[in-house]
Amino acid sequence: MSSPTSPADPTDPKDEMNSTDDMDSMDAEFDTVAAWTADVVSGLDPDQRIPAGCRGSGSPGALHWLLDHLAPEAGEVFLDAGAGVGGPAAFAARETGARPVLTEPEPGACRAAQTLFGLPALQAGTQLPIASGAIGAGWSLGVLCTVDDQPAYLAELRRVLRPGARFGLIVYCAAHPGTLRLEQPEGNDFPTVEALEAMLDGASLRVVSSSWTDHFAAFPADWEEVTSTVHAELERRHGEDPRWQVAEEQSNRMGSLLSAGEVRGRMLVVESV
Ligand SMILES: C[S@@+](CC[C@H](N)C(=O)[O-])C[C@H]1O[C@@H](n2cnc3c(N)ncnc32)[C@H](O)[C@@H]1O
């Protein structure tokens, strides 16, 4: 575990990569492109950084729904596990006054969250550097399907929650068991809703409310404008780089699965029992 404090390192060997050989698609999407995004987004106003920093977490309506159910108090520590570059955590802080603490395995994403939003980000994956029972509220958005050992991830979340604490999840779920009809992003494993409920039960996390991301309006026009401007600038700077192309392929595959209804975003508020 470490707490990165320095900006993206231009001497990082990954920055010299020029072929897709041995490229890890998850690193490309969640580390390299996260660091590139921070470079582009740091030129924007603070309020514009939030939409550009939400990667897979749903719309403002979905985030509000979760926050209404979680009701963190102003000043309360709010865990964002698998926080990416920190847009959702910054949104939670702005809307509720809660004090986010981020965990995220990719160092480029940790540095981005610190640079863009000044949020504390601990570099950690499934093992959280947090005492048992220390957390009263938080969320983990769009993360579970990217985790190798999903029951262990949920058990670890349960470990750090206080008894009775509420926690929000967005979990991308397969619409049917078995092989998906479209190609899926590498490194992802989408449980069915039934499998997810069984895993939550096994982790002693009781579902208190649920919904679907597609029940909420998509990004509003101002959010859409920011994300397309940032995307265009990233493409202009890095479009020829194989890591950008791999990350785009990952993101396009996810978009196709969602549009085809093969995968849907399940939203859950769970309580630690
Ligand atoms: C789709 S992104 C979502 C990021 C952020 N939650 C958001 O909604 O903007 C998935 C994130 O999960 C992180 N991740 C992957 N494996 C993880 C693990 N074992 N524990 C915590 N986070 C993990 C990835 O690095 C990535 O940042």
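Whatever order the structure lists them in is the order used to number ligands and atoms, beginning at 1. Nothing here was measured: the structure is a model prediction, and the numbers come from that model.
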field: Atom indices of ligand 1, in the order listed, that fall short of 4.0 Å to a heavy atom of Thr146
entry: 12 (O), 14 (N), 15 (C), 16 (N)
Beyond-backbone contact of Phe30 with Thr146, side-chain heavy atoms, under 4.5 angstrom: yes
task: Would you mind reporting whether Pro51 and Val230 have side-chain heavy atoms less than 4.5 Å apart?
output: no
- request: Enumerate the atoms of ligand 1 whose separation from the nearest heavy atom of Gly84 is less than 4.0 angstrom.
  value: 4 (C), 5 (C), 27 (O)
message: Geometry only, no angles: is Asp80 polar-contacting ligand 1 at N/O separations under 3.5 Å?
response: no
message: I need the contact type for Cys54 against ligand 1. Using non-hydrogen atoms and a strict under-4.0 Å cut-off, is it side chain, backbone, both or neither?
response: backbone
- request: Have a look at ligand 1 and work out which part of Met26, if any, has a heavy atom under 4.0 Å from it: side chain, backbone, both or neither.
  value: neither
- request: Return yes if some donor-acceptor pair links the side-chain N/O of Glu156 with the main-chain N/O of Leu128 below 3.5 Å, else return no.
  value: yes
Crowding at CD, Glu95 (>12 non-hydrogen neighbours, <6.0 Å): yes
message: Any nitrogen or oxygen of Leu141, side chain or backbone, less than 3.5 Å from one on ligand 1?
response: yes
task: Would you please determine whether Pro88 falls within less than 4.0 Å of ligand 1 on a heavy-atom basis?
output: yes
- prompt: In Å and rounded to the nearest 0.5 Å, what is the SG to CG distance from Cys110 to Leu119?
  reply: 11.5 Å
query: Going by the order shown, which atoms of ligand 1 are within less than 4.0 Å of some heavy atom of Glu106?
result: 25 (O)
task: May I ask you to check if ligand 1 and Ala124 share an N or O to N or O distance below 3.5 Å?
output: no
message: Under a 4.0 angstrom heavy-atom cut-off, which atoms of ligand 1 come close to Thr126?
response: 19 (N), 20 (N)
task: Taking atom CG of Asp148 as the centre, report whether more than 12 heavy atoms of other residues, nucleotides or ligands fall under 6.0 Å from it.
output: no
statement: A student checking ligand 1 against Gly142 at a 4.0 Å heavy-atom cut-off should list atoms 1 (C), 10 (C)
message: Hydrogens and angles aside, do Arg266 and Ser210 bring a side-chain donor and acceptor to less than 3.5 Å of each other?
response: yes
message: When you measure from the heavy atoms of Ala83 to every atom of ligand 1, does any distance fall below 4.0 Å?
response: yes
- prompt: Is it true that atom CD of Glu225 has more than 12 heavy atoms of other residues, nucleotides or ligands lying nearer than 6.0 Å?
  reply: no
